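The shown structure was predicted, so the numbers you read here are calculated from the model rather than taken from an experiment. Residues: numbered from 1 along the sequence shown. In listed order, ligands and their atoms are each counted from 1.
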Amino acid sequence: MDTTHSSSSGADGAGPELQEHFEATIARDQRVEPRDWMPEGYRRTLIRQIAQHAHSEIIGMQPEGEWITRAPSLRRKAILFAKVQDEAGHGLYLYSAAETLGADRADLTERLIEGRQKYSSIFNYPTANFADVGVIGWFVDGAAICNQVPLCRSSYGPYARSMVRICKEESFHQRQGYELLMTMMRGTDAQRTMVQDAVDRWWWPSLMMFGPPDNDSPNSAQSMAWKIKRHSNDELRQRFVDMTVPQAERLGVTLPDPELRWNEERGHHDFGTPDWAELKRVISGDGPCNDRRVQRRREAHEEGAWVREAATAHAAKQAAQAREGAVA
Ligand code: 3HC
């Protein structure tokens, strides 16, 4: 059966067979591919999520990138360099996945720097000292793993496949963060204080990465029905808390939540309520570093204009040479 975009009438311009074929693909846990017909809402939801995710990876280079020149040793500098470079790669895979849905990368970038598309709230917090690099690896990349491993089973093929490599790299990121913190905890009292201070500042924003609570998450139900998302925001947040508590104990730090305790009956940790008003403020552009992050992205985009022009001219020249070669 032809399931490509060319189609007749009905919802989204599709006949009932195409709609049924799409729904059967989702029900059978098979992948939707770029060539397949898909409802317009599914396509738009994917572009929204994938673009936000790509922007998060690219903006996420900044908080840690600021520490590359100030890393305390050559080894730490090399690790941090590799990590920040990985984030750039993740952004590029994700923009490519968005392009398979008909989005235009230049347009997505414009939307980001004009504040018309979102990126993760977590990257609007400042990095005060080098322990923050470790805590970002441990918490932020740890939260990313919780959120993104299930996305390897997302119903849209290019997104799911891009997540496989991204998750492998995020694992390395998390471990380098934890290893850095372990080293600092074996160091001086001043270093241990730095680690605890960073933990105290990053814990609640990390819980907010998973999004608003389920009862205030307008997109979750449909995204889960389409199997774009496999778990709700609260389920993933709980998974992150359960995973992180024993790691904190092993490290010798306390998590800044007096309500945090094991609940035998539920088989999970109970924990306090994040400040949802703060999440809303940060998402709507009023976080501690929003202006700085977007401004820096805008400058980098402008400074890179000549590279894009040169690459485009080079590609056009190569294509012309290939055409001439084909004619000769
Ligand atoms: N930061 C910014 N915006 C957020 C947010 C957050 N932490 N949480 C939710 N939002 C936004 C949503 O995008 C949505 O806005 P929109 O409708 O205008 O797009 C709105 O708040 C309501 O939230 P919902 O829960 O209804 O939205 P979703 O169902 O899309 O869920 C999500 C939000 C859990 C972030 C989901 O989009 C998702 O899983 N995305 C993929 C993973 C991702 O983007 N991760 C970014 C983390 S950064 C990262 O991984 C980089 C690594 O290097 C650490």
Pairs under 3.5 angstrom only: tabulate donor-acceptor contacts from the side chains of residues 53-62 to other protein residues two or more places apart or in another chain.
unit_1: His53; atom_1: ND1; unit_2: Tyr159; atom_2: OH; d: 3.0
unit_1: His53; atom_1: NE2; unit_2: Glu57; atom_2: OE2; d: 3.4
unit_1: His53; atom_1: NE2; unit_2: Gln148; atom_2: NE2; d: 3.0
unit_1: His55; atom_1: ND1; unit_2: Tyr95; atom_2: OH; d: 2.7
unit_1: His55; atom_1: NE2; unit_2: Gln117; atom_2: OE1; d: 2.8
unit_1: Ser56; atom_1: OG; unit_2: Gln52; atom_2: O; d: 2.7
unit_1: Ser56; atom_1: OG; unit_2: Ser120; atom_2: N; d: 2.9
unit_1: Glu57; atom_1: OE1; unit_2: His90; atom_2: ND1; d: 3.3
unit_1: Gln62; atom_1: NE2; unit_2: Arg293; atom_2: O; d: 3.0

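- No hydrogens or angles considered: a donor-acceptor pair under 3.5 Å links the side chains of Gln295 and Glu299.
- Side-chain atoms of Glu264 and Trp262 form a donor-acceptor pair, as typed in the model, at a separation below 3.5 Å.
- The residue from Asp286, Asp216, Asp275 that alone fulfils the salt bridge (Lys or Arg N to Asp or Glu O under 4.0 Å) condition with Lys280 is Asp216.
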Legend entry - Worked check of side-chain hydrogen bond (donor to acceptor under 3.5 Å, both in side chains) between Tyr93 and Arg165: CA-CA 10 Å; Tyr93 310 150; Arg165 179 161 173 182; 2.9 Å; yes
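- A side-chain donor from one of Arg266 and Gln238 sits under 3.5 Å from a side-chain acceptor of the other.
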Per-pair distances, ligand 1 N/O vs protein N/O, less than 3.5 Å:
unit_1: ligand 1; atom_1: 1 (N); unit_2: Ser121; atom_2: N; d: 2.8
unit_1: ligand 1; atom_1: 1 (N); unit_2: Ser121; atom_2: OG; d: 3.4
unit_1: ligand 1; atom_1: 7 (N); unit_2: Ser121; atom_2: OG; d: 3.0
unit_1: ligand 1; atom_1: 7 (N); unit_2: Met208; atom_2: O; d: 3.3
unit_1: ligand 1; atom_1: 7 (N); unit_2: Met209; atom_2: O; d: 3.4
unit_1: ligand 1; atom_1: 13 (O); unit_2: Gln52; atom_2: OE1; d: 2.7
unit_1: ligand 1; atom_1: 13 (O); unit_2: Gln52; atom_2: NE2; d: 3.3
unit_1: ligand 1; atom_1: 15 (O); unit_2: Lys118; atom_2: NZ; d: 3.3
unit_1: ligand 1; atom_1: 17 (O); unit_2: Asn219; atom_2: ND2; d: 3.0
unit_1: ligand 1; atom_1: 18 (O); unit_2: Lys118; atom_2: NZ; d: 2.4
unit_1: ligand 1; atom_1: 19 (O); unit_2: Arg48; atom_2: NH1; d: 2.8
unit_1: ligand 1; atom_1: 19 (O); unit_2: Gln52; atom_2: NE2; d: 2.7
unit_1: ligand 1; atom_1: 25 (O); unit_2: Ser217; atom_2: OG; d: 2.7
unit_1: ligand 1; atom_1: 25 (O); unit_2: Asn233; atom_2: ND2; d: 2.8
unit_1: ligand 1; atom_1: 26 (O); unit_2: Ser217; atom_2: OG; d: 3.1
unit_1: ligand 1; atom_1: 26 (O); unit_2: Pro218; atom_2: N; d: 3.2
unit_1: ligand 1; atom_1: 26 (O); unit_2: Asn219; atom_2: N; d: 2.9
unit_1: ligand 1; atom_1: 26 (O); unit_2: Asn219; atom_2: ND2; d: 3.0
unit_1: ligand 1; atom_1: 27 (O); unit_2: Asn219; atom_2: ND2; d: 3.3
unit_1: ligand 1; atom_1: 29 (O); unit_2: Lys229; atom_2: NZ; d: 2.8
unit_1: ligand 1; atom_1: 30 (O); unit_2: Arg48; atom_2: NH1; d: 3.1
unit_1: ligand 1; atom_1: 30 (O); unit_2: Arg48; atom_2: NH2; d: 3.3
unit_1: ligand 1; atom_1: 31 (O); unit_2: Lys229; atom_2: NZ; d: 3.2
unit_1: ligand 1; atom_1: 39 (O); unit_2: Asn147; atom_2: OD1; d: 3.4
unit_1: ligand 1; atom_1: 39 (O); unit_2: Asn147; atom_2: ND2; d: 3.2
unit_1: ligand 1; atom_1: 50 (O); unit_2: Gln148; atom_2: NE2; d: 2.6
unit_1: ligand 1; atom_1: 53 (O); unit_2: Glu57; atom_2: OE1; d: 3.1
unit_1: ligand 1; atom_1: 53 (O); unit_2: Glu87; atom_2: OE1; d: 2.6
unit_1: ligand 1; atom_1: 53 (O); unit_2: Glu87; atom_2: OE2; d: 3.3
unit_1: ligand 1; atom_1: 53 (O); unit_2: Glu170; atom_2: OE2; d: 3.3

